[in-house]
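Contents: one structure, followed by commentary.
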Amino acid sequence: MNIKTEYWKKAEITWRRCLDLVFPARCPICDKPAPFPELICPGCKVKPVRIKPPRCLKCGKHIENETEEYCRGCRMAVHSFEQGRSLFLYQSVAASIYRFKYAGRQEYASFYGEQIVRELGGTIRAWRPDALVPVPIHFTRRRERGYNQAEVLAGEIGKRTGIPVERSLLGRVKKTLPQKLLDDAGRQNNLKRAFKINRNDVKLKRVIIVDDIYTTGSTIDACAVTLKRAGVEKVYFITVAIGKELL
């Protein structure tokens, strides 16, 4: 490490210490101030359930039957993305995701991004992406929340991997209903023509879509279809959390 790099590293640590005294980072699990320089309370580290093998070869969900290569959802559906991976089982971090998404806890993205790169960094590099593309939200929702949680997360992953983040490539032109309120058919209809490309000439060939949650894949599929129509050849996804395998 050269002198200049070490200087800036120490300066960043000092700045983080000062910032932490005034605005302490919140633990993404219990929401209490996390002890500096940790991003999560020591006792909370074991609470999120991590997705372990065997995994679906398509969406990455944990599958109960290790003789199967794909989860039931991926056996029943034809997805437009190539592959995806997620970090945690959604049910174990549902409250955390809710606060991250709706309660202004943008600082959770530092922990999510750090853990994603630590555990899924090899997979991300193997996909050889040209860019990270956050799932966009409608401008009215962005105005209400003040931010797009997928964009904040993509920024943290990009900062740690050096992969460019295309924040404005995809746009959301339709204010859709929350996907959790709909059945599978309703989710697909809800997202028809919901996204658009904001650029005339897309030169990216391989991208990773970034979002907070993967459930049935309807949102990722809708984004993937839009991207591929614009010339993208391979689309992957990374999310913080994913649901259980359909039974």
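Just the heavy atoms: all of them, side chains too, but no hydrogens, waters or symmetry mates, feed the values below.
- Scanning for side chain to side chain donor-acceptor pair (under 3.5 Å) contacts around R105 gives D31, with sequence neighbours left out.
- Contact between G158 and V165 at its shortest, heavy atoms only, is CA-CG2, 4.2 Å.
- The pair E156-K159 meets the salt-bridge criterion, since a charged nitrogen lies less than 4.0 angstrom from a carboxylate oxygen.
- For the pair V235/S80, no side-chain contact is recorded, criterion being any heavy-atom separation below 4.5 Å from C-beta on.
- Contact detail for E245 and C71: the closest heavy-atom pair is OE2-CA, 3.6 Å.
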When you look at L227 and L169, which way does the side chain to side chain contact (heavy atoms under 4.5 Å, CB included) test go after all the steps?
CA-CA 9 Å; L227 288 164; L169 176 63; 3.8 Å; yes
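- Neither I137 nor V152 shares a network with the other; the hydrophobic side chains, linked directly or stepwise wherever heavy atoms of I, L, V, M, F, W or Y lie under 4.5 Å apart, form separate groups for each.
- Interatomic distance, R75 CZ to Y70 OH, rounded to the nearest 0.5 Å: 11.0 Å.
- With a 4.5 Å cut-off on side-chain heavy atoms, L39 and E114 count as touching.
- Contact record, T226 with F195: OG1-CB, 3.8 Å, taken as the closest heavy-atom pair.
- In this structure, S86 and V240 have side chains that are not in contact, with every pair of non-hydrogen atoms separated by 4.5 Å or more.
- Of the residues D212, L153, D211, the one that meets the side-chain contact (heavy atoms from CB on, under 4.5 Å) test with V135 is D211.
- Once rounded to the nearest 0.5 Å, the distance linking SG of C56 with CD1 of I51 reads 11.5 Å.
- Between the side chain of D221 and the main chain of H79, no donor-acceptor pair closer than 3.5 Å is present.
- Residue pairs that meet the side-chain hydrogen bond (donor to acceptor under 3.5 Å, both in side chains) test with at least one member in residues 122-136, sequence neighbours left out, are Q83-W127.
- Hydrophobic clustering (ILVMFWY, side-chain heavy atoms < 4.5 Å, transitive): I197 and V133 are in one cluster.
- In this structure, the separation between CD1 on I238 and CD1 on I208 is 5.5 Å, given to the nearest 0.5 Å.
- In terms of heavy atoms, V202 sits closest to R199 at CG2-O, 4.2 Å.
- Partners of E151 under the side chain to side chain donor-acceptor pair (under 3.5 Å) rule, at least two apart in sequence or in another chain, are R142.
- Scanning for side chain to side chain contact (heavy atoms under 4.5 Å, CB included) contacts around K244 gives L89, Q91, with sequence neighbours left out.
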Before giving the answer on side chain to side chain contact (heavy atoms under 4.5 Å, CB included), spell out for R145 and K101 the whole-Å C-alpha distance, their side-chain angles and the decisive distance to 0.1 Å.
CA-CA 8 Å; R145 299 178 197 172; K101 195 169 185 174; 3.8 Å; yes
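- Between the CG atom in L57 and the CD atom in E68 there is a gap of 10.5 Å [rounded to 0.5 Å].
- Considering only heavy atoms from C-beta on, T239 stays 4.5 Å or farther from L87 through its side chain.
- Note on E119 versus R50: salt bridge recorded, some NZ/NE/NH1/NH2 to OD/OE distance being below 4.0 Å.
- By the 30° and 60° cut-offs, the orientation of the rings of Y112 relative to Y108 is perpendicular.
- Inter-residue side-chain proximity for E166 and L204 is flagged as met; some heavy-atom pair is nearer than 4.5 Å.
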Side chain to side chain donor-acceptor pair (under 3.5 Å) between R85 and Y236, worked out
CA-CA 8 Å; R85 289 290 180 269; Y236 304 88; over 6 Å; no
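- C27 contributes atom SG, which lies 10.5 Å from atom CD of E38 (distance to the nearest 0.5 angstrom).
- Here the side chains of F111 and I40 are in contact, with some heavy-atom distance below 4.5 Å.
- Salt-bridge annotation for K228 and E82: present, with a side-chain N of the basic residue lying under 4.0 Å from a carboxylate O of the acidic one.
- Contact check for P42 versus P35: side-chain heavy atoms found under the 4.5 Å cut-off.
- At most 12 non-hydrogen atoms from other residues, nucleotides or ligands lie less than 6.0 angstrom from NZ of K196.
- Residue pairs meeting the side-chain hydrogen bond (donor to acceptor under 3.5 Å, both in side chains) criterion with at least one partner in residues 53-65, sequence neighbours excluded, are N65-T67.
- When all heavy atoms are compared, the tightest approach of L132 to A154 is CD1-O, 3.6 Å.
- Here C41 contributes atom SG and R26 contributes atom CZ; the two are 10.0 Å apart, rounded to the nearest 0.5 Å.
- Using bins of under 30°, 30° to 60° and over 60° for the plane-to-plane angle, the ring pair F237/Y214 lands in the parallel bin.
- Both F88 and L120 sit in one connected hydrophobic cluster of ILVMFWY residues. Membership requires side-chain heavy atoms under 4.5 Å apart, directly or through other members.
- Cluster membership check: I242 does not share its hydrophobic cluster with I63, using side-chain heavy-atom separations under 4.5 Å among Ile, Leu, Val, Met, Phe, Trp and Tyr.
- Checked against side chain to side chain donor-acceptor pair (under 3.5 Å), E107 has no partners two or more places apart in sequence or in another chain.
- Scanning both residues, I29 and P48, for their nearest heavy atoms gives CD1-CG, 3.6 Å.
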